[in-house]
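First comes the structure, then the notes that go with it.
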Amino acid sequence: MATETVAKPRTSARVGVQKFGTFLSGMIMPNIGAFIAWGLITALFIEKGWIPVAELGGFGTDAEGKPNVGIVGPMVTYLLPILIAYTGGRMVYDVRGGVVGAIATMGVIAGTDSPMFIGAMIMGPLGAWTMKQIDRLWDGKIRPGFEMLVNNFSAGIWGAVLALGGFYGLSYLVGWFTDRAGEVVEFLVNNGLLPLTSIFIEPAKVLFLNNAINHGVLTPLGIQQSLEQGKSILFLLEANPGPGLGILLAYMFFGRGAAKASAPGAAIIHFLGGIHEIYFPYVLMKPILILAAIGGGMAGIATMAITNSGLVAPAAPGSIIAVLAQTSRDSYVGVILAVILATAVSFLIAAVILRTSKGKGDDDLSAATSRMEAMKGKKSSVSSALTGEQAGTSSAAPGTVLTRPVQNIVFACDAGMGSSAMGASVLRNKIKAAGFPDVKVTNSAIANLSDSYDVVVTHQDLTERAQPRTASAVHYSVDNFMNSPRYEEIVELVRSSNTEGAVSEAGTTAAPADDAQPAAAATTAAHAHGAHAAEPAAAVDGQPVEGKGVLLRESVILNGTSRDRDAAIDEAGKLLLDRGAVDVSYVHAMHEREESVSTYMGSFLAIPHGTNDAKEHINHSAVSIIRYPEGIDWGGKQVKFVVGVAGINNEHLHILSSIAKIFTNKAQVAQLEEASTVDEVLELFGKVNS
């Protein structure tokens, strides 16, 4: 399962531009729905629209002779930039950063007549970052009871300062830049040079640099042009699906093997779904095919320039459906022709290349897909359509290899104290049972991960967040922390990579995991970087679980009254509140955590807990246990046991280790289901920890 080469750190200038482009895309893409809404309203109701309505389109005057404001102008002037600024600020400093960034952007908006998209993409993150630095100055120094006063006034004052700075300074700079960039575009159009931009755009797409170009320059300039002229050619410079479709059609007719077989499905995903990255591996298999993409792109741009065609708003994703939905009323012929000719030119060039070359891409598709994912920096969401891999299976991080024995395994989740601790305990027992007690299995919050682990295990919804932090590790994605089939694959990886040590030290294979000894002998304390190892059970000083103050009698309910997931989280959280272990904000964070990734563990068990940011709302470690004999629905799974968790440092982890051992043992789960008193439940956990 390991390869022979060593992973190299991805620190090139291309990667830096990719990250910058990804950040820009992160501000734009969540708000694409708003852009589409504005585009549809514009296409319908402006003076040149399908259904001109003066009151909505903002043209003409009303009965009193006052100019109609409409909603097209205010949306593009205020709504869209503020949404972008808020999103960018939140990416940097959560909601607080988003609010300050939005306030700051209002100054830039008011300082000019042009739509301030570039200004919003600057002020949003800048306002959030500076607010974050200011908050650090008095972090931990505010007297109790004054936190809200200081936080609210500091955000308001600094936001006002930034708004004034934007009004008197940045708005002029951004306005100047926008005007100069517009003049460059106008020069290219007037001199018939705009098609030459494909020489840069098409290679950039394959190298995943398109976000920096598209969202950093083309979209803001296109919106400015659309507002003035009712449409813009810039929206289709990068989004035209024709060049990629032509390459895929060429593979359908002239390719071989896996490339030819997969090309029809890829063409559907590309053309109708708008996921252009699906054709990138086909270019990477034979890089000279970039000439086909460039030729197709130039043909499409030239056609739109000649026919004076354009879109009214960005087409995202780049599906033909989205393109037609955003096409200007007078541009359907030109846009459709641009797509057709781009496809035809790209197909002809690609066909000649494939017909005249020796290799036709018969066995290089998987390798090309891997190179694509390595350049992208994460697993492609559509790569399985090319390679046939199933979602949710284990996978190494892009570019990752393993040339060393497995010594450190980490389970990572959002908070690093609930589901990850449970999964770590289960896998720790399995690895020990396989005869490898020296392999460390720890758990950590994703935010605390470092690139020092051999294997990283995450919930399938969190894998993409963990991979960039642990690029040299092998990654496994699971959807069930209690009994995932991926655990056997990890055990086999440990066995295959540690064979010599296992033979010399263990000699034989241990008993099955269900019969393994308690987690006490399985692990040592966690190593650096914030990872937590489940504390050995024997290290509980021989005290019963109840005596440690983490799980108390009053925190165990045998017959829960809730009937759905959210009510059950409230019920488990209330038990933690009643003990003074947490404040009410932590209970809210338990719901927030559940909305992002389910805490269902398998074996009828769920362990709701707060997010990583909510740890400051924990007063002391505590666990609550509620049994629902009839079961409740937990996102489509049946749950009979809900364990609420709040933990500081490692104090709660021995309890989670105990819970994991119980719920991987069918006989003990049956005992829990049949228990008639709280003492029986406490006794069962006490036995596990003895």
Side-chain angles (χ1 to χ4, degrees), residues 15-35 78-109 115-136 139 151 154-155 158-159 162-163 165-166 170 174 208-220 223 314 316-317 376-379 381 412-415 445-449 458 461-470 589 592-593 595-597 611-614 616:
V15 174
V17 177
Q18 280 182 355
K19 290 181 178 179
F20 177 66
T22 299
F23 184 79
L24 296 178
S25 177
M27 285 190 275
I28 298 291
M29 293 307 292
N31 300 305
I32 283 296
F35 280 92
Y78 301 106
L79 175 64
L80 297 180
I82 290 175
L83 282 175
I84 291 171
Y86 178 82
T87 304
R90 184 168 182 173
M91 290 167 62
V92 174
Y93 196 30
D94 203 29
V95 174
R96 182 170 173 81
V99 171
V100 174
I103 297 171
T105 300
M106 195 61 208
V108 183
I109 292 172
M116 275 290 103
F117 291 95
I118 295 177
M121 297 169 84
I122 295 173
M123 291 302 286
L126 178 64
W129 183 83
T130 53
M131 189 73 256
K132 187 176 184 178
Q133 306 312 309
I134 291 173
D135 283 349
R136 286 179 176 175
D139 184 32
N151 288 339
S154 61
W158 185 240
L162 290 175
L170 187 63
V174 174
F208 289 95
L209 305 179
N210 54 307
N211 283 331
I213 297 173
N214 195 28
H215 298 305
V217 179
L218 297 181
T219 295
I223 290 175
K376 184 178 181 181
K378 62 180 180 179
K379 185 76 173 176
S381 62
C413 69
D414 182 69
I446 287 179
N448 295 330
L449 287 176
T458 54
D461 294 337
L462 299 175
T463 301
E464 289 190 1
R465 286 176 53 191
Q467 283 180 338
R469 296 175 177 271
T470 51
E592 182 181 343
R593 171 66 169 79
E595 289 300 323
S596 61
V597 180
T611 61
N612 191 46
D613 293 337
E616 63 186 34

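Computation of the quantities below employed the complete heavy-atom set of this structure, encompassing side-chain atoms and omitting hydrogens, waters and symmetry-equivalent molecules.
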Ignoring hydrogens and angles, tell me if any N or O in the side chain of Arg96 forms a donor-acceptor pair with the backbone of Asn151 under 3.5 Å.
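Such a contact is found between Arg96 side chain and Asn151 backbone.
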If you take all heavy atoms of [X] and [Y], which pair is closest and at what distance?
| X | Y | result |
| --- | --- | --- |
| Ala128 | Val92 | CB-CB, 3.8 Å |
| Leu80 | Ala34 | CD2-CB, 3.6 Å |
| Leu170 | Gly119 | CD2-O, 4.4 Å |
| Ala85 | Gly101 | CB-O, 3.8 Å |
| Leu162 | Ala104 | CB-CB, 3.4 Å |

Could you tell me the separation between the [atom1] atom of [X] and the [atom2] atom of [Y], rounded to the nearest 0.5 Å?
| X | Y | atom1 | atom2 | answer |
| --- | --- | --- | --- | --- |
| Asp135 | Thr130 | CG | OG1 | 9.5 Å |
| Asp94 | Met131 | CG | CE | 13.5 Å |
| Ile82 | Thr87 | CD1 | OG1 | 11.5 Å |
| Tyr93 | Ile134 | OH | CD1 | 10.0 Å |

What residues, two or more places apart in sequence or in another chain, satisfy side chain to side chain contact (heavy atoms under 4.5 Å, CB included) together with Gln133?
Trp129, Arg136
Short side-chain donor-acceptor distance under 3.5 Å, Asn31 and Tyr86
no
Quick one: do Met116 and Thr105 satisfy side-chain contact (heavy atoms from CB on, under 4.5 Å)? Show the steps, please.
CA-CA 8 Å; Met116 275 290 103; Thr105 300; 5.5 Å; no
Are Pro81 and Met121 side-chain neighbours, meaning at least one heavy-atom pair lies under 4.5 Å?
no
Leu83 versus Tyr78: any side-chain heavy-atom pair under 4.5 Å?
no
